[in-house]
Amino acid sequence: MNDYDKARKLVQFMALAEISQKTGVRISQVWEYREHHGAIDNASPQLVKKMADLYDERRKI
């Protein structure tokens, strides 16, 4: 699974506010990634990496 796949999964199961708080992205932007198919593909690689790292962190719990 690559970082984009992890980011897609993260926005599906994690609370938008928590993603926003931990990545520094506005809630409205995270919502767009969740609601619009393919939107995460247009995100910056740095943001996708942050989200993928957060996904990995959550999977350890």
Side-chain angles (χ1 to χ4, degrees):
M1 182 178 329
N2 67 28
D3 286 349
Y4 284 90
D5 294 333
K6 291 177 182 179
R8 280 185 207 93
K9 288 206 174 275
L10 182 75
V11 298
Q12 290 174 359
F13 76 80
M14 192 173 184
L16 297 178
E18 190 174 354
I19 295 170
S20 177
Q21 181 182 28
K22 294 190 185 251
T23 62
V25 177
R26 294 182 327 272
I27 290 176
S28 61
Q29 188 67 39
V30 177
W31 178 85
E32 183 176 324
Y33 294 146
R34 178 181 284 178
E35 297 299 317
H36 297 242
H37 181 73
I40 199 75
D41 295 328
N42 298 324
S44 71
Q46 296 86 2
L47 173 60
V48 172
K49 179 67 175 146
K50 282 183 186 179
M51 293 176 117
D53 291 346
L54 185 55
Y55 174 85
D56 289 337
E57 179 183 313
R58 296 292 292 189
R59 295 287 293 171
K60 290 178 185 174
I61 295 175

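Numbers here simply count residues along the sequence, with the first being 1.
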Contacts of type side chain to side chain contact (heavy atoms under 4.5 Å, CB included), residue [X], not counting sequence neighbours:
{"X": "Lys50", "value": "Thr23"}
{"X": "Arg34", "value": "Val11, Leu16"}
{"X": "Ser44", "value": "Gln46, Leu47"}
{"X": "Ala52", "value": "Asp3, Lys6"}

Ala7 to Ile40 - nearest heavy-atom pair and separation: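 Residues Ala7 and Ile40, closest heavy atoms: CB-CG1, 3.9 Å.
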
Nearest heavy atoms of Ile27 and Ala17, plus distance in Å: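 Taking Ile27 first and Ala17 second, the nearest heavy atoms are CD1-CA, 4.0 Å.
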
Show the numbers, then the answer: is there a salt bridge (Lys or Arg N to Asp or Glu O under 4.0 Å) between Lys60 and Asp56? CA-CA 7 Å; Lys60 290 178 185 174; Asp56 289 337; over 6 Å; no

What residue pairs, at least two apart or across chains, pass side-chain hydrogen bond (donor to acceptor under 3.5 Å, both in side chains) with a residue in residues 7-17?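 As it turns out, the side-chain hydrogen bond (donor to acceptor under 3.5 Å, both in side chains) pairs with a partner in residues 7-17, which skip direct neighbours, are Asp5-Arg8, Arg8-Asp41.
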
Those residues that, when tested against Gln21, pass side chain to side chain donor-acceptor pair (under 3.5 Å) (two or more places apart):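 Gln21 satisfies side chain to side chain donor-acceptor pair (under 3.5 Å) with no residue once adjacent residues are dropped.
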
Not counting sequence neighbours, list each pair that qualifies as a salt bridge (charged side-chain N to carboxylate O under 4.0 Å, His left out) and has a residue in residues 11-30.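 Residue pairs passing salt bridge (charged side-chain N to carboxylate O under 4.0 Å, His left out), neighbours aside: Glu18-Arg58.
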
Are Met51 and Val25 side-chain neighbours, meaning at least one heavy-atom pair lies under 4.5 Å?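 No, side chains not in contact.
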
Distance from Leu10 atom CG to Ile19 atom CD1, nearest 0.5 Å?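 These two atoms lie 4.0 Å from each other.
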
